[in-house]
S.K.: 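One structure coming up, written as structure tokens, with questions to follow.
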4 protein chains.
Amino acid sequence: MATVDAIFEATIQVLLVDGPVRLTTTHVAERAGVSVGTLYQYFPHKEALFYGLNERYLDVLADKVASACEAQRGAPLAQMVEALVTTYWRAKTERAEVTRVLYRSVAELDNTALLAAFSRRVDAATEAMFASACDAAFDDLPTVNLMLLTTIFGTVRNIFERALSDAEGRALHAQLSVMCLAYLETVRVTRRSVPAAAASAD
Amino acid sequence: MATVDAIFEATIQVLLVDGPVRLTTTHVAERAGVSVGTLYQYFPHKEALFYGLNERYLDVLADKVASACEAQRGAPLAQMVEALVTTYWRAKTERAEVTRVLYRSVAELDNTALLAAFSRRVDAATEAMFASACDAAFDDLPTVNLMLLTTIFGTVRNIFERALSDAEGRALHAQLSVMCLAYLETVRVTRRSVPAAAASAD
Amino acid sequence: MATVDAIFEATIQVLLVDGPVRLTTTHVAERAGVSVGTLYQYFPHKEALFYGLNERYLDVLADKVASACEAQRGAPLAQMVEALVTTYWRAKTERAEVTRVLYRSVAELDNTALLAAFSRRVDAATEAMFASACDAAFDDLPTVNLMLLTTIFGTVRNIFERALSDAEGRALHAQLSVMCLAYLETVRVTRRSVPAAAASAD
Amino acid sequence: MATVDAIFEATIQVLLVDGPVRLTTTHVAERAGVSVGTLYQYFPHKEALFYGLNERYLDVLADKVASACEAQRGAPLAQMVEALVTTYWRAKTERAEVTRVLYRSVAELDNTALLAAFSRRVDAATEAMFASACDAAFDDLPTVNLMLLTTIFGTVRNIFERALSDAEGRALHAQLSVMCLAYLETVRVTRRSVPAAAASAD
DNA sequence: CATGAATGAGGGTTCATTCAT
DNA sequence: CATGAATGAACCCTCATTCAT
């Protein structure tokens with residue numbers, strides 16, 4: 001609904017412009033152009049508003065990653081890694097300030113469940129992608145995949161957390177791909193040139 | 001001073017037992033066995049208390065990392081990485097619940113300056129360590145070092161953030177060493193003063 | 001608005017009954033029959049409440065003086081002085097306790113701006129009145145007028161400040177008129193459009 | 001005692017430099033170069049400190065006025081008035097900022113008793129002075145005297161209260177003498193040239 | 001459904017005062 | 001007698017939430 005969207009966007013704007021301290025229901029409602037009463041008709045309490053915002057944010061993010069993964073089915077490993085890292089990086093960098101502010105505010109929320117749901121979706125998408133790699137296979141793909149995602153999520157977050165310059169950010173983005181690929185090359189099963197078989201198994 | 005220590009420890013206990021929402025000055029003072037007035041004699045405001053706690057936490061952490069780095073001067077690369085990752089991991093795992101709760105709460109604080117100071121210390125220590133490696137050299141050590149730390153910090157944080165099981169945590173810890181080493185092996189310069197042996201081992 | 005009036009009146013009552021020390025926002029709100037929150041919806045902080053009360057008080061006072069001055073346009077000097085002094089005195093004496101308590105409490109407030117606005121209004125009104133006197137004129141009316149008002153304001157205040165009895169108060173009120181008139185007779189210019197009569201009366 | 005003096009002076013300094021809001025016992029003690037504990041050995045509570053300061057201030061003021069009055073015994077009326085007004089004005093103007101700050105702060109204190117004592121002393125001094133005037137006598141000297149002092153005290157206070165410029169202040173000082181003398185000339189007994197008799201009656 | 005004035009529990013903070021050293 | 005750390009009652013103010021209109 002338009003109202004809900006307006007409230008979500010207002011929440012972000014309040015966070016951006018006035019900071020987390022001024023994130024009051026009244027303030028959000030005002031900026032959304034509705035009354036507090038209306039806000040409370042869509043969200044039973046403040047936490048629900050924040051929870052919803054993060055849910056939506058993570059849904060969109062998961063969508064993007066999942067799409068990218070599907071587009072890479074059967075591609076070579078290096079390309080997959082590049083696509084995954086870059087998709088995630090772009091999604092986070094697009095509205096860097098929003099990303100930063102959301103990173104900082106989720107602390108006020110028990111977002112474990114949210115993160116679990118998000119992780120499940122992304123895990124599934126990336127695992128399926130890597131399983132379909134035309135030029136690589138892994139003994140313990142679940143662990144490798146978990147490690148990879150943990151690294152990507154964590155590293156990107158850390159880049160935002162330390163107030164690194166854009167140049168440093170870009171450099172680290174490139175290095176992140178290098179690192180992830182290096183890792184995958186290291187842990188892939190040694191027999192590699194089984195292209196046809198691996199491909200037909202997909 | 002004993003009082004300050006008691007207040008810091010009380011802060012942690014309140015965070016652990018009652019959660020960040022119940023982190024009130026009165027509550028902390030009570031648990032520390034002092035009056036609010038006393039608390040305010042050591043910390044000008046609530047934020048300063050929290051800031052101080054984090055400062056101390058990061059100082060201890062940086063100390064541990066720096067010591068480990070110094071102990072590794074001149075060691076081979078693989079051992080350095082292992083030592084670095086394990087030191088950091090142990091420091092974070094020792095009191096896992098405390099780590100988790102601090103990860104979640106620092107977001108409410110503008111800890112940019114704190115992180116910057118912490119990063120500067122750790123950066124210097126690890127860069128000096130890697131520069132002394134007996135079996136490896138790097139073209140752009142600063143960037144490589146920055147990337148490595150960003151990955152370690154971020155990955156560990158993410159492990160805590162997603163409520164992963166101990167087993168998964170341990171697995172990822174091991175993988176983290178693998179990943180870091182894989183990265184360093186990839187970006188190191190091939191020629192080195194121990195040319196033949198090092199090259200053939202690759 | 002009714003609520004604002006209730007709060008103002010409650011402020012006065014608290015001052016009267018409990019004294020300036022007990023003038024707390026909670027206390028005022030209680031006595032006004034509203035909650036603290038409501039009080040803060042009309043006044044951004046405690047000082048604003050007090051400032052508003054004084055503003056209103058001075059506005060009413062200035063109104064009374066201004067009306068009296070207009071009613072005296074063209075009257076003889078003695079009558080003007082009598083009217084001015086008596087109007088001011090009555091306004092202050094009507095609710096003597098309120099006057100006393102406000103005199104004592106305004107000091108805690110930076111009411112310079114308030115007093116300036118009040119003075120400007122009263123100055124203008126009395127100066128216009130004296131300029132229209134049918135039987136007197138002044139070389140430097142602004143200074144004379146300023147002196148007169150300063151004396152009236154100050155003397156009345158001092159009567160309240162020293163806890164003089166009603167009888168003493170009444171006596172001083174009468175003397176105040178005498179004094180003001182004596183002053184004006186002394187500083188008026190002798191030549192006037194009613195020359196002979198006015199001059200011989202001196 | 002030197003300590004008491006230091007504390008009094010520190011109180012004034014705190015009022016001047018930091019304002020009435022920062023007038024805390026700790027702050028005063030610090031500026032006086034002693035500890036709070038010491039302050040409490042000389043003053044049982046904060047109010048006593050403030051009371052003492054005002055008492056001393058009024059004592060000095062009364063001394064000055066009384067001396068001036070004694071020096072005017074037997075002098076002509078006009079000279080007496082001039083001396084009285086000027087003495088009081090000078091005493092207040094000498095450290096104008098201190099005067100202003102004390103005027104503003106006495107409100108926090110029930111200084112009725114203090115003012116009564118002060119008034120009694122000054123009343124006696126001025127009444128004795130006027131009774132000795134070589135060229136004037138009064139039917140109801142107590143009332144006339146009370147009126148005169150009330151006017152002088154009140155007018156001077158009002159000059160300080162309105163933030164009048166120095167020039168305006170000086171002008172009003174001059175006018176104040178004019179006004180007081182005009183008043184006394186008006187209310188003196190009509191038979192005037194009884195010089196010898198009046199003088200011998202003293 | 002929308003509104004927004006009213007609510008009041010509860011938080012951060014201050015500061016007069018005490019008392020063990 | 002001096003010190004100053006400790007105390008804790010009390011204050012100002014905020015803001016999530018409700019409900020009569």
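Note that the coordinates shown come from a computational prediction; the quantities given were computed from them, not determined experimentally. Throughout, a chain's letter reflects where its sequence line sits, starting with A, and its residues are numbered from 1.
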S.K.: Could you tell me whether C/Y42 contacts a base, only the sugar-phosphate backbone, or nothing, with contacts defined as non-hydrogen atoms closer than 4.0 Å?
M.R.: sugar-phosphate

S.K.: Grab the NZ-P distance between D/K46 and E/dA16 for me, whole Å please.
M.R.: 4 Å

S.K.: Between the side chains of C/R104 and C/E97, is the shortest nitrogen-to-carboxylate-oxygen separation below 4.0 Å, so that they form an ion pair?
M.R.: no

S.K.: How about B/Q41 and B/T3: do any of their side-chain heavy atoms sit closer than 4.5 Å?
M.R.: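 SC-SC contact between B/Q41 and B/T3 ruled out.
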
S.K.: Please determine, for the side chain of C/V36, which listed nucleotide (F/dA5, E/dA9, F/dT17) has the closest atom?
M.R.: E/dA9

S.K.: If you take any heavy atom closer than 4.0 Å to DNA chain F, which residues from residues 6-19 of chain D end up in contact?
M.R.: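 Per residue number, the list is empty: none.
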
S.K.: Taking all non-hydrogen atoms of both residues into account, name the closest pair between C/F50 and C/S105 and its distance.
M.R.: CZ-CB, 3.2 Å

S.K.: Mind checking whether C/F118 and C/Y57 have side chains closer than 4.5 Å, heavy atoms only?
M.R.: no

S.K.: Just to be sure I understand the rule, does D/V21 reach a base, reach only the sugar-phosphate, or reach nothing, if contact means heavy atoms closer than 4.0 Å?
M.R.: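 It contacts sugar-phosphate atoms only.
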
S.K.: Output yes when A/E161 and B/R157 qualify as a salt bridge under the 4.0 Å nitrogen-oxygen rule, no when they do not.
M.R.: yes

S.K.: Which base sits across from E/dA9 as a Watson-Crick or G-U pair, both distances under 3.5 Å?
M.R.: F/dT14

S.K.: Quick one: is E/dA6 close enough that its OP1 or OP2 comes under 4.0 Å of any side-chain N or O from C/S35?
M.R.: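 Checking C/S35 against E/dA6: no side-chain N or O falls below 4.0 Å of OP1 or OP2.
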
S.K.: Shortest non-hydrogen contact from B/F153 to B/Y103?
M.R.: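 Here B/F153 and B/Y103 meet closest at O-OH, 4.3 Å.
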
S.K.: Mind calculating the distance between CZ (B/F43) and P (F/dA6) to the nearest angstrom?
M.R.: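 In whole Å, F/dA6 P lies 12 Å from B/F43 CZ.
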
S.K.: For DNA chain F, find the residues of residues 22-32 of chain C with a heavy-atom distance under 4.0 Å and give them by number; none if there aren't any.
M.R.: C/L23, C/T24, C/T25

S.K.: With a 4.5 Å cut-off on side-chain heavy atoms, are D/V34 and D/Y42 touching?
M.R.: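 Heavy-atom side-chain distance check fails, nothing below 4.5 Å.
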
S.K.: Below 4.5 Å, heavy atoms only, C-beta onward: do A/V36 and A/T25 meet side chain to side chain?
M.R.: yes

S.K.: What nucleotide among F/dT3, F/dA5, F/dT18 has an atom nearest to a side-chain atom of B/Q41?
M.R.: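 Looking only at heavy atoms from C-beta outward on B/Q41, the closest nucleotide is F/dA5.
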
S.K.: Rounded to the nearest Å, what distance is computed from the OH atom of residue B/Y40 to the P atom of nucleotide F/dC11?
M.R.: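 B/Y40 atom OH is separated from F/dC11 atom P by 17 Å.
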
S.K.: Write down the partner of F/dT21 under the Watson-Crick or G-U wobble criteria, each distance required to be under 3.5 Å.
M.R.: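 Answer to the pairing question: E/dA2, which forms a Watson-Crick or G-U pair with F/dT21.
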
S.K.: With nearest nucleotides of DNA chain E determined for B/P44 and D/H45 from heavy-atom distances, which residue corresponds to the more 5′ nucleotide?
M.R.: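 Upstream on the strand: B/P44.
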
S.K.: Taking only the side-chain nitrogens and oxygens of A/T38, find out if one of them lies under 4.0 Å from OP1 or OP2 of E/dT3.
M.R.: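 Yes, such a contact exists.
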
S.K.: Can you tell me if CZ on C/R22 sees more than 12 non-hydrogen neighbours from other groups inside 6.0 Å?
M.R.: no

